[in-house]
Every structure is written in C-alpha cells, then in structure tokens.
Amino acid sequence: MTAGVLAHGIGTRGDLPIPLFYAYAGAFAALVVSFLALGLLWADSRFRGDRAGLLIPLRLPGRPARVLTLLAAGYTIGWLAAGPADGNAGPYLVYVLFWVGLVPASLLLGPVWRALSPFRLLPDRPRRPLPPGLGYWPAAAGLLAFTWTELVAPEPAAPLTLLTFCVLYAAAQLAGTLAYGHAWLERGDPFEVYSTLIGHLSPLGRRANGERVLRNPFDGLDAIRPAPGLVATVCVLLGGTAYDGFSGTPAWVNALQSGPLGRTGLGTLGLLAAVAGVALLYAACLGAAGLIGGTAGLTARFAHSLVPIATGYLIAHYFSLLVIEGRHGILLAVGVAAEPDPNAVEPAAIATVQVLAIVIGHVVGVVAAHDRSVRLLPPGRAVAGQIPLFVLMVCYTIGGLTLLL
C-alpha cells in the first residue's frame with residue numbers, strides 16, 4: 001500500500017519542486033509585513049458583516065437543482081452498490097467531485113450545498129426548536145466522521161465503506177430535519193456547514209434576512225456568528241488536513257504498518273491528536289490575547305479568522321487531487337475506461353498554487369483577526385493583544401508548509 005493511498009481515500013500526490021527555505025521565507029515575510037502594516041494603518045474596524053453588500057436580483061433554481069442533486073446522489077449510490085470492484089466511479093464522485101469540488105464551488109458561488117441539498121426538499125415543519133447549545137457540534141462530529149472515513153478507515157475507497165457512511169449520514173439528516181426542520185441543516189449537516197463557512201469568502205453572499213448581495217469577501221467572513229461548536233468545526237477541518245499531510249511521511253507510514261495498535265487504531269489516535277493539537281494551540285493563543293487585551297471570551301469570536309486558513313489548507317492539499325483525479329472520475333462515471341494522467345498539470349504549477357493558497361489564507365486570517373481585534377479590544381491594547389494571534393498564524397503556517405513540502 002502506497003503512502004498516497006494511505007493519505008487519501010483515492011489518488012496520490014508527489015513531492016513538490018519548491019525549496020522549503022524559500023517557502024518559509026516568503027510566508028513569514030508576508031505575515032510580518034501584513035501584521036506591521038495593519039498595526040500602523042488600520043486603527044478602526046472596517047468590516048460590516050451581513051449589513052454590507054450591494055443587493056442583486058439573483059434567484060437560484062432551488063427545487064429543480066435539488067431534484068437533480070437527488071438523482072446524482074442516487075446515481076452515486078448505484079455505482080457504490082452495484083458497480084465493479086475495479087474502476088468504480090463512486091469513490092471519485094464522493095471524495096473528489098463532491099468533497100473537494102465543494103471548495104472552489106463555494107468560493108465562487110457561496111454556500112452551494114444549501115442550494116443543492118436534497119434534504120431541503122423535505123418540508124420545514126419542526127416538531128421542536130433546535131436547542132441553542134447544540135450549535136455546530138453535530139456538524140463537527142459529522143466532518144470528523146467523514147475525515148476518519150477518508151483518511152483512517154481500513155478500506156476508505158471500498159464501496160461498502162462509503163455506502164455505510166452515506167447511509168448513516170442520510171439517516172442523521174433525515175432524523176434531524178424531521179425533528180428540527182431546516183434549522184438542523186444549517187448547523188447539523190456537515191457538508192452544508194462546510195460549504196457555508198467557505199462560502200462566506202465568496203463575493204456572492206446572503207444577509208440575515210435572506211437577501212442576496214455582492215460584497216467584499218471580508219464582510220462575508222465577518223458575518224460568521226459565534227456559536228457553540230464553531231471552533232471545533234474549523235479545527236476538525238484544519239486538523240484533518242494536517243493529519244492528511246503527516247500521514248504520508250515515511251515514519252508515520254511505517255508506524256501504521258508495524259505498530260501494535262494496527263493501522264486503524266493508530267490512525268484514529270493520530271487524527272484525534274492532530275485535531276486536538278490545532279484546537280489547544282488556538283485556545284492557548286486566544287487565552288493569551290484575552291489576558292493581554294483585558295477581554296474575556298474571545299475564543300469563539302475569532303473563529304472566523306480560521307476559516308480562510310482552513311480553506312487555504314484544503315486547496316493546498318486537494319488541488320492536485322481535483323485536477324488529476326477529477327477528470328478520471330468523470331470519465332469513469334460516464335462509462336469510459338481511463339487512467340489518471342499525473343502529468344495533466346506541471347508540478348511547479350501545483351506547488352505554486354499550494355504555497356500561495358496557504359500564504360494567502362493566513363494573510364486573510366491576519367486581516368480578519370486584526371479588524372475584529374480593534375473592534376473588541378481596548379484601543380491601547382488592540383495591537384499588543386494580536387501578538388498571540390500572530391504567533392498562532394506563524395505556527396500554523398510553518399506546520400502547513402512543512403507537511404506540504
């Protein structure tokens with residue numbers, strides 16, 4: 001079994017032709033310059049969340065699009081249930097075209113899974129209100145389960161593995177929607193939450209009243225409201241991509257193959273440790289920022305600054321998978337036997353996109369955190385209170401580039 005297969009449900013990724021020193025130097029320079037420039041030139045909060053934006057007369061084809069998505073889901077289930085063992089298109093449709101494809105689609109068009117989700121064909125008739133304390137915790141658990149299926153499960157690309165996940169996912173969404181209505185989908189559907197968080201970075205957005213607007217992506221990012229489980233959800237995305245990068249290292253591959261706990265047991269511990277490590281580092285830095293700034297309860301209020309970082313990691317780790325394996329999956333889905341072309345994109349182009357995604361994601365996170373800092377912290381402590389946040393960004397950047405390159 002190759003390192004690439006261990007790292008993903010399907011597909012491989014090779015070494016990238018960028019010296020680590022230059023990647024570190026460029027990323028660190030970008031963070032330092034942005035931090036200093038913001039501290040000197042940005043004294044007042046400028047982002048207005050969902051109050052910002054230019055109203056646009058845009059109506060999305062809700063029900064027809066959801067019916068088509070339901071048919072596509074049925075087609076995927078058909079491949080998984082009755083397709084051949086070799087050359088089965090189902091894993092490509094799930095892991096590549098759906099999971100990875102939601103990232104660019106949401107960045108361009110906003111929360112597309114909200115518009116496409118077949119679960120929103122169910123009537124919105126809640127039997128009881130959604131408990132306020134539930135927040136994003138169901139979505140965090142669902143994303144962790146999917147990440148475990150992709151990166152840790154004994155046979156992640158086996159049709160039975162994916163069928164099991166799909167059945168459990170559909171059952172949870174049906175039960176939640178029947179009990180709590182569409183409010184459940186906003187917080188409990190892991191893929192809708194995933195798409196919506198990334199969609200906050202899109203120029204196409206929605207105000208709280210549902211009006212569609214064209215807006216600055218920073219305003220969209222600022223519109224993410226703190227809620228229980230939001231930090232956990234973003235940390236699952238960050239920790240999952242971190243484990244994805246680490247799981248391909250020779251030392252970890254050897255440990256998975258020869259360790260006493262077995263590949264699944266050790267992989268589960270490794271994934272949980274990656275998520276916990278990301279969360280503990282974030283909590284420690286935000287706690288220090290609160291002490292310096294004299295303001296408590298900052299952890300949830302800065303979770304929005306992790307969204308562009310998580311998005312950058314997702315692009316960095318899955319860009320080559322989408323480009324190379326996406327075409328392969330489409331051909332398989334229409335019945336054309338084909339092999340993936342590893343030379344479809346030059347390695348230098350892949351490396352450039354991946355490093356830029358990580359660096360830009362962190363710079364956007366620095367800007368979002370700075371604007372929130374000058375809004376929440378006392379004027380005399382706003383810049384000093386951001387130092388732990390800057391340390392957090394540097395740590396995440398170094399870790400991301402090390403695991404990538």
Backbone N or O of [Y] within a donor-acceptor pair of the [X] side chain at under 3.5 Å?
X	Y	value
Trp42	Asp44	yes
Ser195	Glu192	no
Tyr75	Ala333	yes
Asp371	Val367	no
Asp222	Gly49	yes
Thr161	Ala157	no
Ser117	Arg114	no
Arg215	Arg207	no
Asn88	Trp79	yes
Thr264	Ala153	no

I need the [X] [atom1] to [Y] [atom2] distance, nearest 0.5 Å.
X	Y	atom1	atom2	result
Thr177	Asp189	OG1	CG	7.5 Å
Ile387	Ser373	CD1	OG	11.0 Å
Thr311	Leu238	OG1	CG	9.0 Å
Leu389	Tyr282	CG	OH	8.0 Å
Leu214	Ser202	CG	OG	8.5 Å

Handout entry: Residues that Phe119 engages under ring-ring contact (aromatic ring centres under 6.0 Å, His included), provided they are two or more places apart
Key = Tyr169
Practice task
Verify the distance criterion only: is there a donor paired with an acceptor across the side chains of His317 and Thr241 at less than 3.5 Å?
Solution key: no
Completion exercise
Test side-chain hydrogen bond (donor to acceptor under 3.5 Å, both in side chains), reference Ser45, set Arg372, His370, Arg375, output is Arg375
Practice task
Check Thr147, Val152, Val275 against Tyr243 for a side-chain contact (heavy atoms from CB on, under 4.5 Å) and give me the one that passes.
Solution key: Val152
Exercise for the section: Evaluate the side-chain proximity of Trp99 to Glu150: yes if any heavy-atom separation is below 4.5 Å, no if none is. Expected result: yes
Let me check something: any side-chain donor-acceptor pairs from residues 123-146 under 3.5 Å, sequence neighbours excluded? List them with distances.
residue	atom	partner	partner atom	Å
Asp124	OD1	His182	N	2.8

Exercise for the section: Show your reasoning for whether side chain to side chain donor-acceptor pair (under 3.5 Å) applies to Thr196 and Trp113. Expected result: CA-CA 8 Å; Thr196 300; Trp113 190 240; over 6 Å; no
